[in-house]
Amino acid sequence: MKKYPKTPSFNLSGKKALVTGSSSGIGLGAAIALAEHGAKVFLAARNIRKLKEVRTYIESKGYSAEIVSLDLTKITETAEKIEALGPFDILLNSAGQARHSKAIETKTEDFDAIIDINLKGAYFLTQAVAKGLIATKQPGSLINISSQMAHVGGIDRAVYCASKFAVEGFTKAMAMEFAQYQIRVNTICPTFILTPLTQKTFDDIDKRNWIVEKIKLGRVGNIEDIMGAVIYLSSDASSLVTGSSMMVDGGWTIG
């Protein structure tokens, strides 16, 4: 009998997933999506109160979640916690920050704050999770939330763009190094996503119109738009995908 192909599984049962920035926004959506698909989710952020609310919601749906207090700017402390709690089959790093200003007005303290979490924090977090997998000879999927601004320039976003372009760079380099261990490293690059943190931007009608005009599909992004990408890159469905940037930008960057 002819052998027909079978759709790879999106089921994440038995997997441990670390989700940073999971107290709100994209990280929260990613945590819910991973839990719904069977992963045991470790919710990580600095705001424990909000994490408890997220855990309560996830557990109310019959899924599993634990809380981890994590500040990615504290490199050594973060690595120690990852080593103690891991290894993690899945990393979804959504922790990040933005401080927008004209490039000519950038302050060194703002530059340092953005680079410390968006680049340095993301780099050493990815390293820490990879170390745990390599030590135990386990495959894994490591995902950093990047941005469409990692592929184009943006007015008032020189530092933010610099940090995200750099994330794309180390993602490709780590993907090359870790491939021998069957550890995949990718990014997800969203457009402007409507979250509590971005609500102020969308409340400005001129800014909202400018954003929608740039997005070819004619609408802003929602958290739900990212959740499917998270599951795809976390699961066996993407087992041949590494060093890639998954654009979820409504066509912003195509021209």
Side-chain angles (χ1 to χ4, degrees), residues 9-98 117-118 121-122 124-133 136 138 140-146 186-188 190 193-199 221-235 248:
S9 176
F10 289 86
N11 191 324
L12 302 175
S13 296
K15 304 290 187 181
K16 288 172 62 176
L18 175 67
V19 184
T20 67
S22 52
S23 58
S24 64
I26 291 173
L28 184 154
I32 292 172
L34 290 165
E36 286 177 342
H37 283 75
K40 180 177 182 179
V41 177
F42 287 73
L43 307 167
R46 289 176 293 186
N47 193 321
I48 297 300
R49 180 184 60 80
K50 287 187 177 180
L51 288 181
K52 288 180 179 179
E53 293 175 2
V54 178
R55 180 180 63 183
T56 297
Y57 173 80
I58 290 175
E59 290 181 342
S60 74
K61 299 297 181 180
Y63 308 123
S64 178
E66 292 192 20
I67 289 176
V68 184
S69 174
L70 212 58
D71 181 347
L72 298 193
T73 64
K74 298 178 179 178
I75 305 299
T76 301
E77 181 181 303
T78 295
E80 289 172 350
K81 288 184 178 180
I82 298 304
E83 183 178 10
L85 296 169
F88 293 101
D89 306 283
I90 299 162
L91 166 65
L92 192 291
N93 176 38
S94 185
Q97 190 179 136
I117 188 165
N118 289 10
F124 285 102
L125 173 66
T126 308
Q127 178 199 72
V129 176
K131 280 184 176 180
L133 292 170
T136 53
Q138 293 180 227
S141 176
L142 315 182
I143 307 161
N144 280 300
I145 297 297
S146 181
N186 295 287
T187 64
I188 295 174
I193 303 295
L194 182 59
T195 70
L197 290 177
T198 61
Q199 185 65 57
N222 297 306
I223 292 171
E224 290 83 356
D225 292 315
I226 309 300
M227 294 166 78
V230 170
I231 298 306
Y232 172 69
L233 288 178
S234 299
S235 72
V248 188

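In what follows, every heavy atom counts, from backbone to side chain, and hydrogens, waters and symmetry copies are set aside.
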Please report the closest heavy-atom contact between [X] and [Y], naming both atoms and the distance.
X: S94; Y: G27; value: OG-N, 3.3 Å
X: A65; Y: E59; value: O-OE2, 3.5 Å
X: T198; Y: I193; value: OG1-O, 2.7 Å
X: A44; Y: S22; value: N-OG, 3.0 Å
X: T187; Y: S146; value: CB-CB, 3.8 Å
X: V248; Y: A229; value: CG2-CB, 4.2 Å

Would you compute the distance between atom [atom1] of [X] and atom [atom2] of [Y] and round it to the nearest 0.5 angstrom?
X: L142; Y: N93; atom1: CG; atom2: CG; answer: 10.5 Å
X: F42; Y: I67; atom1: CZ; atom2: CD1; answer: 11.5 Å
X: S60; Y: R55; atom1: OG; atom2: CZ; answer: 12.5 Å
X: L51; Y: L28; atom1: CG; atom2: CG; answer: 9.0 Å
X: T73; Y: L70; atom1: OG1; atom2: CG; answer: 9.5 Å
X: I231; Y: H37; atom1: CD1; atom2: NE2; answer: 5.0 Å

Taking [Y]'s backbone N and O only, do any of them form a donor-acceptor pair with [X]'s side chain (distance below 3.5 Å, no angle check)?
X: K81; Y: S69; answer: yes
X: S141; Y: L233; answer: yes
X: N222; Y: E224; answer: no
X: D71; Y: R46; answer: no
X: K16; Y: L85; answer: yes

Are any of the side-chain heavy atoms of [X] and [Y] separated by less than 4.5 Å?
X: V230; Y: I90; value: no
X: T195; Y: I223; value: yes
X: D89; Y: Q138; value: yes
X: L43; Y: E66; value: no
X: P190; Y: I145; value: yes
X: T78; Y: F124; value: no
X: I188; Y: I143; value: yes
X: K15; Y: S234; value: no

Please indicate whether E83 has more than 12 foreign heavy atoms, meaning atoms of other residues, nucleotides or ligands, lying under 6.0 Å from its CD.
no
We want to know whether T126 and N144 form a side-chain donor-acceptor pair, criterion being a heavy-atom distance below 3.5 angstrom.
yes
Without hydrogens or angle criteria, can the side chains of N11 and S13 be said to hold a donor-acceptor pair below 3.5 Å?
yes
Verify side chain to side chain contact (heavy atoms under 4.5 Å, CB included) between V41 and Y63, making sure each step is shown before the conclusion.
CA-CA 9 Å; V41 177; Y63 308 123; over 6 Å; no
